[in-house]
2 protein chains.
Amino acid sequence: MKKFSPCCSPVLQGSLPKSDAEELAALFKALGDPVRLRLLSFIAEQPESEACVCYLTEPTGLSQPTVSHHLKLLHDAGLLEREKRGAWVFYRVVPERLEAIRAALVTRAPRVREAKRA
Amino acid sequence: MKKFSPCCSPVLQGSLPKSDAEELAALFKALGDPVRLRLLSFIAEQPESEACVCYLTEPTGLSQPTVSHHLKLLHDAGLLEREKRGAWVFYRVVPERLEAIRAALVTRAPRVREAKRA
DNA sequence: GGCGGACATCGACGTTCTTCGATGTCTTTG
DNA sequence: CAAAGACATCGAAGAACGTCGATGTCCGCC
């Protein structure tokens, strides 16, 4: 009853370089908060995929500094562009950034469950 | 020099329901750590998109409890399936879950910058 | 120039997260 | 049955995060 011991070659080859992992993780972390997701979603739904900050503060039910902080994080992550227009500030979605995330999530060989080990 | 005051109708319609936002955010949070991304990436690259835990502990440079903890978080998020085989435990990637994330990131009207306001 | 409004920044507080050593559970082996 | 190995669970410690009130900065307006 001997088994092929699966243990323990020193693998984890290049798979995902540590620097890439950190960069990607920072992106996901920016999306890992319900408030930020709703802000992003709301802005993306607006006419030019942009919105004035003054529209965003009140509906969230959070304080103005908190909303400003979340917008800054989304901006730092490259998910939002910032543009000042007179006294107001507009944030616009950066679709390329979202596409980059989608691209990072493509799975190799998605469906091979049926015809194996026949 | 009067402007259309952009302030402040009580919007943020349905956009992203709070419950959906929390669920999605939990998913992104699970991906928001470089260690977990590398674990996921490594497992996804293996023959059946699965790997024994014993392969995963040492290469990360982290302690066994820490790796176990990260795997648990990925499992709780539905990103990994867990299967015990004798004394060993294998984790397998759940591609549907990754696809679900990709689907959530589709952007409406990605490129309309050129031909506007002609 | 001075006032008020729109956002950003600062400092603080409580919560959550990452990590670890120690310990527990289960399985295989001698 | 006892010993050893593979993972999970349990605190605990330190870092990171979300939130707020107070304050600062910039702009438009009287």
Side-chain angles (χ1 to χ4, degrees), chain A residues 1-9 18 21-22 25-40 43 50-77 80-92, chain B residues 1-9 18 21-22 25-40 43 50-77 80-92:
Chain A
M1 198 71 75
K2 202 64 179 61
K3 309 264 177 61
F4 300 95
S5 158
C7 262
C8 282
S9 60
K18 191 173 288 188
E22 286 170 1
L27 252 180
F28 283 126
K29 202 172 296 185
L31 293 173
D33 181 281
V35 174
R36 287 196 288 274
L37 280 184
R38 298 188 72 200
L39 285 170
L40 198 62
I43 298 173
E50 70 179 19
C52 172
V53 174
C54 55
Y55 281 133
L56 303 173
T57 300
E58 181 267 333
T60 64
L62 297 173
S63 72
Q64 177 265 319
T66 299
V67 173
S68 183
H69 175 241
H70 284 305
L71 290 171
K72 174 179 166 50
L73 290 188
L74 288 170
H75 179 248
D76 290 348
L80 291 180
E81 285 174 354
R82 202 183 104 98
E83 185 184 343
K84 186 161 187 175
R85 297 182 196 166
W88 302 294
V89 172
F90 286 71
Y91 282 95
R92 176 167 37 241
Chain B
M1 197 71 76
K2 203 63 179 62
K3 308 265 177 59
F4 300 95
S5 160
C7 261
C8 283
S9 59
K18 191 172 288 189
E22 286 171 359
L27 252 180
F28 283 125
K29 201 173 295 185
L31 293 174
D33 181 281
V35 175
R36 287 195 289 275
L37 281 184
R38 298 188 72 198
L39 286 170
L40 198 62
I43 298 174
E50 70 179 20
C52 173
V53 174
C54 54
Y55 281 133
L56 303 173
T57 300
E58 181 268 332
T60 65
L62 296 174
S63 72
Q64 177 264 319
T66 299
V67 173
S68 183
H69 174 241
H70 283 305
L71 290 171
K72 175 179 165 51
L73 290 187
L74 288 170
H75 179 248
D76 290 348
L80 291 180
E81 285 175 354
R82 202 183 103 99
E83 184 183 343
K84 186 163 188 177
R85 297 182 195 166
W88 301 294
V89 172
F90 285 72
Y91 282 95
R92 176 167 37 241

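Note that the structure is a prediction, hence the values are computed from the model and not measured. Below, read A as the first sequence line, B as the second, and so on, with proteins coming before strands; counting in each chain starts at 1.
Look at CD on A:Glu58: it is 15 Å from C1' on C:dA6, rounded to the nearest Å. Here C:dC17 presents its P atom at 14 Å from CG of B:Leu31, a figure rounded to the nearest Å. Between B:Glu83 atom CD and D:dA6 atom P the separation is 18 Å, expressed in whole Å. Atom CG in B:Leu74 sits roughly 16 Å away from atom P in D:dC7 (whole-Å rounding). When rounded to the nearest whole Å, the span between NE2 of B:His75 and P of D:dT9 equals 10 Å. Atom P of nucleotide C:dA8 and atom CG of A:Leu56 are separated by 10 Å, given to the nearest angstrom. Rounded to whole Å, the distance from CG on B:Leu37 to C1' on C:dT18 is 15 Å. One atom, CG of A:Leu39, and another, P of D:dT19, lie 10 Å apart when rounded to the nearest Å.
Nearer the 5' end of DNA chain D, as judged by each residue's closest nucleotide, is the contact made by A:Asp33, out of A:Lys84 and A:Asp33. Mapping A:Arg36 and B:Thr57 onto DNA chain D via the closest heavy atom, the residue that lands nearer the 5' end is B:Thr57.
The nearest pair of heavy atoms linking A:Gly32 to B:Lys29 is O-CE, 3.0 Å. Nearest approach of B:Cys52 to B:Trp88, heavy atoms of both residues: SG-CB, 3.9 Å. Pairing each heavy atom of A:Leu37 with each of B:Ala25, the nearest pair is CD1-N, 3.4 Å. The heavy-atom pair separating A:His70 from A:Val35 by the smallest distance is CD2-CG1, 3.6 Å. Residues A:Gln64 and A:Thr57 share a closest heavy-atom pair of CA-CG2, 3.6 Å.
Summarising the geometry, atom CD belonging to A:Glu81 is positioned 8.0 Å from atom NE2 belonging to A:His75; distances are rounded to the nearest 0.5 Å. The line from CG of A:Leu71 to OH of A:Tyr91 is 5.0 Å long, rounded to the nearest 0.5 Å.
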Dump the pairs, protein N or O against N or O of nucleotides 3-5 of chain C, anything under 3.5 Å, distances to one decimal.
none

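Closest contact between the side chain of B:Arg82 and the listed nucleotides D:dA8, C:dT19, C:dT18 involves D:dA8.
At the phosphate of D:dA6, neither OP1 nor OP2 sits under 4.0 Å from any side-chain N or O atom of B:Tyr91. Not one side-chain nitrogen or oxygen of A:Arg85 sits closer than 4.0 Å to the OP1 or OP2 atom of D:dC27.
Using a distance-only test at 3.5 Å, with no hydrogens or angles considered, a donor-acceptor pair links the side chain of A:Arg36 to the main chain of A:Ala30.
Near DNA chain D, meaning a heavy atom under 4.0 Å from it, residues 62-72 of chain A has A:Leu62, A:Ser63, A:Pro65, A:Thr66, A:His69, A:His70 in order of number.
In this pair, A:Phe28 and B:Phe28 present their aromatic rings parallel. The plane angle is below 30°, not in the 30 to 60° band.
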